[in-house]
Protein chains: 2
Amino acid sequence: MVSDDLFADPPEDTQEEILQAAFEVLQEQGYSGLSIQRIADKVGLQKASIYHHYSDKDDLLLSFVDHILDRMESDLIRTADVSPKTQLEGILDSLLLDERANTSTVEISPPSDDLLRVFIQIRAQATHNSDYQDRIAAIDERHEEHLAAIIQRGIDAGEFRDVDPNQVATALSTFILGSFSQRATRTQVSLEPVHKSIYSYLENSVYV
Amino acid sequence: MVSDDLFADPPEDTQEEILQAAFEVLQEQGYSGLSIQRIADKVGLQKASIYHHYSDKDDLLLSFVDHILDRMESDLIRTADVSPKTQLEGILDSLLLDERANTSTVEISPPSDDLLRVFIQIRAQATHNSDYQDRIAAIDERHEEHLAAIIQRGIDAGEFRDVDPNQVATALSTFILGSFSQRATRTQVSLEPVHKSIYSYLENSVYV
DNA sequence: TTTTACCAACCGAACGTTTGTTAGTCTTGT
DNA sequence: ACAAGACTAACAAACGTTCGGTTGGTAAAA
């Protein structure tokens, strides 16, 4: 199995190497298999050495989650100097289509399957851990605000009808999350029907 | 914290009591905290006694997952002797609205928040465990088929346009899953915008 | 330039606890 | 008396964490 990197560039210091190792372990073993020993093995360190870089497991996990969620958010939220309709469709194309089918003019690299799986697992921790809950809620809110702002711009520009930006944004983010969850937990999910349906919704209910 | 029962009636035998205990532990501690010791404590048994009812932890977890997914599926899939449009809206109302706001004529009890949280956690296991992947995929497929059948009936009855039943069903199930995921991982999620948007989609893109 | 001091990085070994699991024993209802 | 069901006790393995020691390189002191 080939795993892509947690960092765009190869990790420079040991701290980043450790987070990258945690990323791979989480992918292979799941959250319950994410132990110091396994991370140390993956980096090629003794597990005692981990404690030279992180005070304890909680510290490590917190840094890890921050890194993952930052990365996720940067995939979700991008500004672009194009018309609202073009920007919105660029976002949906990148998030809901296979890369090869993506002919969008707006360049948005979609989250990889690896990142998506890890994201879904972190999200699942939010069901019983309020720290995670807060972080997840923050991401969701910023994502929705980002979409709402685009829709508001579309209304102002006369491209969109006078819809409720927040309502449409919430619907879109719910849809995107559902698609992420399916991609992460099933194999061979066809993104086409979902993509077509949301375009149908936009054409018939949002666009002028 | 008050947890609702995994079983409609109070569990009769010890096996069911154990599964109910696992349900509560999973809710409080998450999947990584789901140990034999904690389950035994919750039932009021010694942990060795668990092995009188289940051969090992894997056996217990498999039974547990089966029970949860069966219950989830029974909440998702119900037949009703009403018009396709009424049935579809009954399903969406029950899954995407608060109970008190649910004035649907079709009686479908929605999955409780507790069940939803546990479902999302089990789903997350599917990211790295192929056994879980298969079960999750099976549920999703049956759910989509159920929705597609309703839509097909709607088309035949002249209530719906000549849409692709599978495409619309996939979109609906994606949407529902996204809503579940948000409800399970965030507090105070307003279901109203999502509900309104999907009705808008149906009226403008599906209904005649 | 050589010597000294220092510090970050890593390692090996051990700690107490919790994990899943097994064996043997006692208790209870039929 | 018999079997089902619960118990106590113990096991090896894995867990997170700590301690003390060994490097290697860098910077100050001689």
Side-chain angles (χ1 to χ4, degrees), chain A residues 6-7 10-68 118 121-122 124-125 128-129 131-132, chain B residues 6-7 10-68 118 121-122 124-125 128-129 131-132:
Chain A
L6 178 53
F7 303 93
E12 296 167 4
D13 56 14
T14 312
Q15 291 207 25
E16 290 188 355
E17 278 184 50
I18 292 173
L19 295 188
Q20 170 67 26
F23 182 78
E24 291 168 23
V25 171
L26 182 53
Q27 221 178 109
E28 295 166 13
Q29 314 275 355
Y31 203 89
S32 37
L34 191 54
S35 70
I36 303 282
Q37 181 68 68
R38 288 220 177 86
I39 295 173
D41 286 350
K42 186 75 79 178
V43 194
L45 285 178
Q46 291 297 322
K47 61 175 175 173
S49 305
I50 303 287
Y51 289 85
H52 196 263
H53 302 276
Y54 297 95
S55 65
D56 52 20
K57 195 185 181 185
D58 234 50
D59 182 28
L60 197 166
L61 252 48
L62 241 47
S63 301
F64 175 70
V65 168
D66 273 346
H67 253 93
I68 295 291
V118 170
Q121 290 210 55
I122 290 178
Q125 305 307 312
H128 59 278
N129 186 324
D131 288 341
Y132 285 63
Chain B
L6 178 53
F7 303 93
E12 296 166 5
D13 56 14
T14 312
Q15 290 209 25
E16 292 188 355
E17 277 183 52
I18 292 172
L19 295 188
Q20 169 67 28
F23 182 79
E24 290 168 23
V25 171
L26 182 53
Q27 221 178 112
E28 295 166 14
Q29 314 273 355
Y31 202 89
S32 35
L34 192 53
S35 71
I36 303 283
Q37 182 67 66
R38 288 222 178 83
I39 296 173
D41 286 349
K42 186 76 80 177
V43 194
L45 284 178
Q46 292 296 323
K47 63 174 176 172
S49 305
I50 303 287
Y51 289 83
H52 197 263
H53 302 275
Y54 297 95
S55 65
D56 53 19
K57 196 187 181 185
D58 234 51
D59 181 29
L60 197 166
L61 252 48
L62 241 47
S63 300
F64 175 68
V65 168
D66 273 347
H67 253 93
I68 295 290
V118 170
Q121 291 210 56
I122 290 178
Q125 305 306 312
H128 58 280
N129 185 324
D131 287 341
Y132 285 64

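Here is the naming used below: chain letters follow the sequence lines, and residue numbers restart at 1 for every chain.
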### Which residues share a side-chain hydrogen bond (donor to acceptor under 3.5 Å, both in side chains) with B/Y31, sequence neighbours left out
B/Y132

#### Entry: Nearest atoms (heavy-atom pairs only) where A/V118 meets A/L26
CG1-CD2, 3.6 Å

### Query
Tell me: CG of A/L61 to C1' of D/dC15, nearest whole Å?
14 Å

### Query
Just the dot-bracket of DNA chain C, please: which string comes out with Watson-Crick or G-U pairs under 3.5 Å, [ ] for crossing, | for another strand?
.||||||||||||||||||.||||||||||

### Message
What's the separation between atom CZ in B/F23 and atom CD in B/E17, rounded to the nearest 0.5 Å?
### Response
15.5 Å

### Under-4.0 Å side-chain N/O to phosphate OP1/OP2 contact, B/T14 with D/dA6
yes

### Query
Taking OH from B/Y54 and C1' from D/dG5, how many angstroms apart are they, rounded to a whole number?
15 Å

Please list each protein N or O that sits under 3.5 Å from an N or O in nucleotides 18-22 of chain C, with the distance.
from	atom 1	to	atom 2	distance (Å)
C/dT19	OP1	B/S35	OG	3.1
C/dG20	OP1	B/K57	NZ	2.6
C/dG20	OP2	B/I36	N	3.0
C/dG20	N7	B/K47	NZ	3.3
C/dG20	O6	B/K47	NZ	3.4
C/dT21	OP2	B/Y51	OH	3.0
C/dT21	OP2	B/K57	N	2.8

### Task
List the atom of A/A21, the atom of A/V43, and the distance in Å for their closest heavy-atom pair.
CB-CG2, 3.3 Å

### Task
Name all pairs fulfilling the salt bridge (charged side-chain N to carboxylate O under 4.0 Å, His left out) condition that reach into residues 50-66 of chain A, sequence neighbours left out, sorted by first residue then second.
A/D66-A/R135

### Message
Whole angstroms only, please: what is the CD1-P distance between A/I39 and D/dC15?
### Response
11 Å

### Short side-chain donor-acceptor distance under 3.5 Å, B/Q121 and B/Q125
no

### Task
May I have the distance from A/L60 (atom CG) to D/dG16 (atom C1'), rounded to whole angstrom?
12 Å

Kindly list each side-chain donor-acceptor pair under 3.5 angstrom involving residues 44-51 of chain A, sequence neighbours excluded, with atom names and distances?
none

### Summary
Taken to the nearest 0.5 Å, the spacing of A/Y54 OH from A/L62 CG works out to 11.0 Å

### Query
Within the structure, does a side-chain N or O atom of A/H52 lie under 4.0 Å from either OP1 or OP2 of C/dA9?
yes

### Task
Check the distance between D/dT22's P and A/L45's CG and give it to me in whole angstrom.
20 Å

### Query
Separation of A/Q46 atom CD from D/dT22 atom P, in whole Å?
16 Å

### Task
With sequence neighbours excluded, give me every salt bridge (charged side-chain N to carboxylate O under 4.0 Å, His left out) pair touching residues 29-44 of chain A.
A/E28-A/K42

